[in-house]
Amino acid sequence: MSANDDRDPLFRYDDPIFADERLLEITHLPGPDRIVGRDEQMQRVADALNPAIFGSEPNHLFIFGKTGTGKSLISRSVAKRVISEAKRDDVTVNYAFIDCGEQNTEASIVKTIAQLVNDPEQSGITVPDRGLGTGDYYKRLWQAVDRCTDVTIVILDEIDMLEDDEVLRKLSRAGENRRISDSSIGIIGISNKIDFPDHLSERVKSSLSRDELVFSPYDANQLVEILEKRRDAFHDGVLSGDVIPLTAALAAQEHGDARKAIDILRNAGRIAKKQNADRVTADHVRDAKEKTEADRFNELIEGSPQQAKAILYSLTILTENSTEKEFPTKIIYNQYKEVARRLGFDVLSERRVQEILQEQNFLNVIQSEREGRGRGRGAHAKHRLLENPVIVKKVLLRDSRLAPLEDDS
DNA sequence: CCTCCACCGGAACGAGGGGCGC
DNA sequence: GCGCCCCTCGTTCCGGTGGAGG
């Protein structure tokens, strides 16, 4: 229908599958009427943020729940509604969404918040990317907050990735310490680790009063409903009848991960499109599941340094050549030494390897468990891959620096 | 029962890279 | 352009701990 005769025939202008693929992007924020099964949680978030509408300080809130349970979606959605509601009373509310996986140091978080809140025209200050001391970034943040907004809502996604929780204390006490005078800050911390508050330092625990809220996984019916709400990403009649139920069922297998469900649906559409099919079928969905899992794993590790990849590769070899699933640090280290030699990498110290394994455990690439308590000799750490070694190997070898490993058995 | 020692994890430190303020 | 700052990746040193083994 959109085939225009006067356009360059080299490209195609009609998409037989997707009507609007953007509806399936993770960053896409659906309207409130399209959010499924989270009424109670939305209300709790709204309760916490409510004072912001009148320009008062909101309550801090921590949200817990597994991936794809709508934590950041609900936070952003409610924050937006607060902003527009406040605007009617001439109260300026801003929100800064920070992914602590990327911004995980004190200075970079403060910098990012300042950059998001700051309007140079209004404040007369700039926030450079580099070159300032941490203290200077704080100063600029307070100025930006004071001059540009009445209330700032700081959403810290993946807050457990923070290396230093000092930033939490400073943000939460900014008002009392008269760092800012005409403005206030509310913090929403999001984490998939429910025990996260235990890791906070005592200073922060005591100074950061907060509400807590848990998001449970979606069940299969809710996943179906969620996917149905995004059906209009596709043209009418393109989806076979069993596509959405199957996608929901596959995503519900581990836990009800809505993000995974949506990713699978999107990939199924893409695969169908690539094959020039005119409908999306169950087979496309099954292929899409595999691709989605590889993509996700790739996302997890692509940013890792080459040494971390070499260590993961060592664990992969061990897993493949053994009936065992988990391996002690020492064994992995010995295997790693050989891998590193073959690659011409420097061979890291065992201490460092231990640390890298720990980091990968944290990133949910591997799972590490200590046997026994304490740090005694009985407390061997054992590590195992969380993903199919075949997929892991394939993804790791995408890195050209590991290419020399390709030709072996 | 006691001692050794293997192992984990905390801390201090540094090299090298990037970049802004003044 | 100098000096200062942050960030990442890495090393070395060390203390606590509790099972193995006499």
Side-chain angles (χ1 to χ4, degrees), chain A residues 98-116 118 120 123-144 158 160-167 170-171 193 195 198-204 300-315 318 326-337 339-341 343-363 365-384 396 399 401-402:
Chain A
I98 309 287
D99 181 351
C100 300
E102 282 161 28
Q103 321 289 332
N104 57 359
T105 65
E106 187 178 6
S108 89
I109 285 179
V110 175
K111 176 193 72 188
T112 310
I113 300 172
Q115 285 173 340
L116 289 170
N118 187 37
S123 64
I125 60 170
T126 59
V127 184
D129 269 330
R130 289 244 161 87
L132 264 56
T134 309
D136 298 317
Y137 279 122
Y138 273 112
K139 253 181 224 159
R140 301 209 183 191
L141 173 62
W142 306 141
Q143 286 174 6
E158 298 192 66
D160 45 282
M161 303 283 281
L162 274 184
E163 290 176 353
D164 187 349
D165 54 20
E166 185 61 18
V167 63
K170 290 228 176 69
L171 285 176
K193 298 185 167 50
D195 59 346
D198 299 344
H199 302 308
L200 288 172
S201 64
E202 289 304 324
R203 313 178 57 187
V204 173
L300 275 181
I301 62 160
E302 68 180 344
S304 298
Q306 56 178 18
Q307 293 284 11
K309 291 182 180 177
I311 293 165
L312 283 177
Y313 190 84
S314 311
L315 180 54
L318 290 170
E326 36 179 41
F327 303 90
T329 311
K330 190 91 183 190
I331 302 290
I332 298 173
Y333 184 63
N334 289 336
Q335 179 70 56
Y336 154 77
K337 277 194 287 194
V339 169
R341 253 199 307 277
L343 286 168
F345 289 3
D346 294 340
V347 178
L348 300 183
S349 64
E350 196 172 341
R351 175 72 184 88
R352 180 63 187 148
V353 170
Q354 185 189 315
E355 189 119 339
I356 288 174
L357 284 168
Q358 217 174 271
E359 285 165 14
Q360 297 300 317
N361 173 43
F362 199 75
L363 292 172
V365 176
I366 64 174
Q367 193 171 72
S368 308
E369 264 159 22
R370 280 210 320 273
E371 280 175 12
R373 233 170 274 138
R375 280 169 294 198
R377 180 167 179 179
H380 293 287
K382 286 194 167 189
H383 315 274
R384 69 182 171 89
L396 284 171
D399 191 321
R401 293 167 300 189
L402 272 70

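Proteins get letters first, then strands, A, B, ... in listed order; numbering begins at 1 in each.
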query = dC6(C) phosphate, OP1 or OP2: any side-chain N/O from T105(A) under 4.0 angstrom?
reply = no

Within residues 348-360 of chain A, those residues having any heavy atom closer than 4.0 Å to DNA chain B are R351(A), Q354(A), Q358(A)

By salt bridge (charged side-chain N to carboxylate O under 4.0 Å, His left out), E106(A) pairs with (sequence neighbours left out) K170(A)

Separation of dC5(C) atom P from K111(A) atom NZ, nearest Å, is 17 Å

Atom CZ of R401(A) and atom P of dC9(C) are separated, to the nearest Å, by 11 Å

From CG of N104(A) across to P of dC7(C) the rounded distance in Å is 9 Å

Only residue of H383(A), R384(A), K382(A) satisfying side-chain hydrogen bond (donor to acceptor under 3.5 Å, both in side chains) with Q367(A) is R384(A)

L162(A) CG to dC7(C) P, in whole Å, measures 13 Å

Face-on cation placement of K309(A) at F345(A) ring, 6.0 Å and 45° thresholds: no

Separation of dG9(B) atom C1' from E369(A) atom CD, nearest Å, is 18 Å

- Query: Is any side-chain N or O of K330(A) closer than 4.0 Å to OP1 or OP2 of dA6(B)?
  - Reply: no

Practice item. Please determine if a side-chain N or O atom of T134(A) lies less than 4.0 Å away from the OP1 or OP2 oxygen of dC5(C). Key: no

Between CD of E102(A) and P of dC7(C) the distance, given in whole Å, is 15 Å

(Q) Looking only at the side chains, is there a donor atom on one of Q335(A) and Y313(A) sitting less than 3.5 Å from an acceptor on the other? (A) no

Reading nucleotides 16-22 of chain B from 5' to 3' and marking B where a protein heavy atom lies under 4.0 Å of the base, S where only the sugar-phosphate is that close, and - otherwise, the string is ---BSS-

Tightest non-hydrogen contact, residues S368(A) and L357(A), listed as OG-O, 4.2 Å

Heavy atoms of V347(A) and A340(A) approach each other most closely as CG2-CB, 4.0 Å

To the nearest angstrom, the CD-C1' distance between Q103(A) and dT8(C) comes to 15 Å

| Does a donor on one side chain and an acceptor on the other come within less than 3.5 Å for Q115(A) and D129(A)? | yes

Quiz prompt | Sub-4.5 Å side-chain heavy-atom contact between M161(A) and L363(A) | solution = yes

* To do: Take atom NZ of K139(A) as the centre, draw a 6.0 Å sphere, and report whether it contains more than 12 heavy atoms from other residues, nucleotides or ligands.
  => no

note: Y137(A), atom OH; dC4(C), atom C1'; distance rounded to Å ~ 12 Å

